[in-house]
Amino acid sequence: MDHRVVTQTLDLERRFIEPVVKAVLHTILFHRYFGNTSVDNTDVQSEVDERVDELMQSLAQTGDSKSQISLYFTETKPRRAWFSKSEEEICWEEWIIHINCKVSKSQPEVGQLQASAEDQAKRAIFRVIQEMDKHKDHIPLIASKQSNPFPYHISVAPTSGLWSSMIKRAIPARAPK
């Protein structure tokens, strides 16, 4: 089975990252989550909120201007070994959103960055819908009676690496003499 990967890059001012990323993740989940996707589904809502909060904390704590959040869907298949049976999750679709954090320096620039964020949100959501409509043949058959037969996972990873951010924090800034 093909493992489909879709990547998107968003260049956003820090205050616009959270709503735009949430909108994109919810759009993906609306199209691929086969369970209850209503506004009242607190499981999906809380999972997205937790991961986006983790993303925002990652950007704030490390001081990095880049990060990424991934959403991937899996199917559970039985795995047979010599003397045991177990299950394994096989990824069939992954969405990777690269985030480049921008900092506004003036009030007029904030307006420009807000307009850019709105435009990027529209384009990202439209791209999700286009990708969903174009590529359907990699979706596995539903073989389970669960409300959502395909588990999903959301993960956050800073793109600049943990070592560089740890070194930056470990070396104290020296004041000029």
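Treat the numbers as computed from the prediction; the structure is a model and nothing was measured. We number each residue from 1, following the sequence as shown.
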Test side chain to side chain contact (heavy atoms under 4.5 Å, CB included) applied to Ile97 and Thr7, Leu71, Leu25, the passing residue
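Among Thr7, Leu71, Leu25, the one that satisfies the side chain to side chain contact (heavy atoms under 4.5 Å, CB included) with Ile97 is Leu25.
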
First locate atom [atom1] of [X], then atom [atom2] of [Y], and finally report the distance between them rounded to the nearest 0.5 Å.
X: Ile69; Y: Ser155; atom1: CD1; atom2: OG; value: 7.5 Å
X: Lys66; Y: His98; atom1: NZ; atom2: NE2; value: 10.0 Å
X: Tyr152; Y: Glu47; atom1: OH; atom2: CD; value: 5.0 Å
X: Gln68; Y: Ser58; atom1: CD; atom2: OG; value: 10.0 Å
X: His31; Y: Glu93; atom1: NE2; atom2: CD; value: 11.5 Å
X: Ser67; Y: Met56; atom1: OG; atom2: CE; value: 10.0 Å

Could you work out, with side-chain contact (heavy atoms from CB on, under 4.5 Å) as the rule, every residue matching [X], not counting sequence neighbours?
X: Ser116; value: Gln120
X: Ala121; value: Val20
X: Lys122; value: none
X: Arg127; value: Val6, Gln8, Glu131

If every non-hydrogen atom of [X] is compared with every non-hydrogen atom of [Y], which pair is closest and at what distance?
X: Ile125; Y: Ala23; value: CD1-CB, 4.0 Å
X: Phe73; Y: Arg32; value: CZ-CB, 3.3 Å
X: Ala60; Y: Arg14; value: N-NH1, 3.7 Å
X: Ala124; Y: Val24; value: CB-CG2, 3.7 Å

Hey, are the side chains of Phe30 and Val128 touching, using non-hydrogen atoms and a 4.5 Å cut-off?
no

Heavy-atom distance under 4.5 Å between the side chains of Gln114 and Arg15, does that happen here?
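No, their side chains stay 4.5 Å or more apart.
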
Checking one residue: [X]. Which other hydrophobic residues are in its cluster under the side-chain 4.5 Å linking rule?
X: Val103; answer: none
X: Leu113; answer: Phe16
X: Phe126; answer: none

Side chain to side chain donor-acceptor pair (under 3.5 Å) with [X]: which residues, sequence neighbours excluded?
X: Glu18; answer: Lys22
X: Asp53; answer: none
X: Glu54; answer: Arg51

How would you list, by chain and number, every residue that makes a salt bridge (Lys or Arg N to Asp or Glu O under 4.0 Å) with Asp133, sequence neighbours excluded?
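Asp133 satisfies salt bridge (Lys or Arg N to Asp or Glu O under 4.0 Å) with no other residue.
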
Side-chain heavy atoms nearer than 4.5 Å, only ILVMFWY residues, links allowed to pass through others: does that put Ile96 and Leu10 together?
no

Set out, in order, the CA-CA distance, both residues' side-chain angles and the distance that settles side chain to side chain contact (heavy atoms under 4.5 Å, CB included) for Val110 and Glu13, then state yes or no.
CA-CA 8 Å; Val110 171; Glu13 206 270 336; 5.7 Å; no

Residues forming a ring pair (Phe, Tyr, Trp, His ring centres under 6.0 Å) with Tyr72, sequence neighbours excluded:
His153

